[in-house]
Amino acid sequence: MRITILDVQKMKARGERIPMVTAYDYTSAQIADRAGVPLLLVGDSLGMVVLGHSSTVPVTLDEMVHHIRAVVRGSERALVIGDLPFLTYTNVDEAIAATRRVIQEAGAQAVKLEGGVAVAPIVARLVELGVPVMGHIGFTPQSVHQIGTRVQGRSAEQAARLIEDALALEAAGAFAIVLELLPAPLAREITGRLRIPTIGIGAGVDCDGQVQVWHDLLGLYSDFVPRHAKRYASLAETIGAALASYVAEVRAGSFPTAEHSSTMDEAALRAALEQLRRQG
Ligand code: KIV
């Protein structure tokens, strides 16, 4: 049985911290699911960490559907949340069409979309139609060309607007809200005012949960570590060393060995060669 948004709400009620991780394919979903990660986000960050774009802006709905399907196939227990990409929810009809693909076609159990007061009517309609919706405020990567990549909400005016955004999303029926790159005191204030959980990334210790990007968490970049991330492994180095050993062994002829090969009856091979010879 998969975790549901009701379970997520209970986690907040019990004061239980909520871990969320991004996943983009079958194998990583399987590893995360077996490790007990309750929430898997197929984030449009895949545009950057998987597809090599410089932002999430170019990510298409087709790409999201493709990756979400793989994550759904790889997981049994986690709640899978799929991002709606940039400009796929500019009005209610568009949002419904995009959500249909993410939920019905790809198999996610919830969608996430960016924005506060401005998208609240869209969130409300999706929720009314039975769709679990996660909000996302603060640094919203789809608006990178407008807001840059920086902590949001440091001024009184911005902080007040973000509190209003969070309250509007809750009133619209969102089941949780990602707070990205917010000053910790503001994230604490928002978390304290909401009944639904906040999931922070670069938003301090007082959020109800935390989300990290797979590649940041596991050290899949060889150099860059964002300030809000903690590396729990250095897989780029581990993988690089494994590949270098493989290359060296293939070059040296020490891989594969008989152990990695299969055999056949030598007589069958001789008969095949004889047959070819006779055919001319
Ligand atoms: O796309 C993504 O991975 C996200 C998280 C960083 C919250 O939105």
Side-chain angles (χ1 to χ4, degrees), residues 8 17-25 28-29 32 37-61 63-68 70-71 75 78-89 98 102 106 108 110-116 119 123 132-145 147-153 162 165-166 169 174-182 187 190-191 196-204 207-218 220-221 224-231:
V8 175
R17 300 281 175 126
I18 307 165
M20 178 160 92
V21 172
T22 65
Y24 312 106
D25 61 32
S28 47
V37 177
L39 269 60
L40 286 180
L41 170 67
V42 189
D44 57 0
S45 52
L46 70 85
M48 300 171 79
V49 297
V50 177
L51 303 178
H53 294 299
S54 58
S55 78
T56 62
V57 168
V59 175
T60 66
L61 195 51
E63 286 165 344
M64 289 307 302
V65 168
H66 176 78
H67 286 273
I68 293 167
V71 169
S75 57
L79 173 71
V80 177
I81 302 140
D83 260 344
L84 297 187
F86 184 50
L87 296 184
T88 62
Y89 50 95
V102 167
V111 297
K112 175 167 81 57
L113 48 80
E114 296 181 6
V119 297
V123 172
V133 180
M134 177 177 270
H136 183 163
I137 61 172
F139 170 62
T140 44
Q142 294 173 6
S143 310
V144 65
H145 297 316
I147 61 176
T149 308
R150 65 170 80 93
V151 173
Q152 301 291 309
L162 283 161
D165 283 337
L169 288 170
F175 74 92
I177 306 178
V178 168
L179 305 182
E180 181 161 1
L181 301 190
L182 289 194
I190 291 175
T191 302
I196 58 172
T198 57
I199 312 285
I201 174 163
C207 297
D208 298 300
Q210 295 293 325
V211 55
Q212 288 281 291
V213 169
W214 184 265
H215 292 59
D216 295 341
L217 189 78
L218 297 175
L220 278 164
Y221 299 116
F224 178 64
V225 189
R227 178 173 172 180
H228 59 261
K230 178 173 172 187
R231 264 192 185 176

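All ligand and atom numbering here is 1-based and tracks the order in the structure.
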When you measure from the side chain of Thr140 to the backbone of Ser143, do you find a donor-acceptor pair of N or O atoms at a distance under 3.5 Å? no

Any N or O of Asp44 that comes nearer than 3.5 Å to an N or O of ligand 1? yes

For atom 8 (O) of ligand 1, find the nearest protein heavy atom and state the residue, atom name and distance (0.1 Å precision). Lys112 NZ, 2.9 Å

Please set out all donor-acceptor pairs under 3.5 angstrom arising from side-chain atoms of residues 40-53, sequence neighbours excluded.
residue	atom	partner	partner atom	Å
Asp44	OD2	Gln142	NE2	2.6
Ser45	OG	Tyr24	OH	2.7

Please report the interatomic distance CD(Glu114) to CZ(Phe86), rounded to the nearest 0.5 Å. 9.5 Å

Test your reading of the structure: does Thr22 have an N or O sitting under 3.5 Å from an N or O of ligand 1? no

Is the backbone of Asp208 close enough, under 3.5 Å, to the side chain of Thr198 for a donor and an acceptor to pair up by distance? yes

For the side chain of Glu180 and the backbone of Pro141, is there at least one donor-acceptor N/O pair under 3.5 Å apart? no

Going by the atom numbers of ligand 1, which of them fall below 4.0 Å from some non-hydrogen atom of Gly43? 1 (O), 2 (C), 3 (O)

Could you check atom 2 (C) of ligand 1 against the protein and tell me its nearest heavy-atom contact, residue, atom and distance included? Ser45 OG, 3.3 Å

Nearest protein heavy atom with distance in Å, relative to atom 5 (C) of ligand 1: Leu41 CD2, 3.7 Å

Please name all residues satisfying side-chain hydrogen bond (donor to acceptor under 3.5 Å, both in side chains) with Gln152, sequence neighbours left out, ordered by chain then number. none

Considering only heavy atoms, does Ile199 approach ligand 1 within less than 4.0 Å through its side chain, its backbone, both, or neither? neither

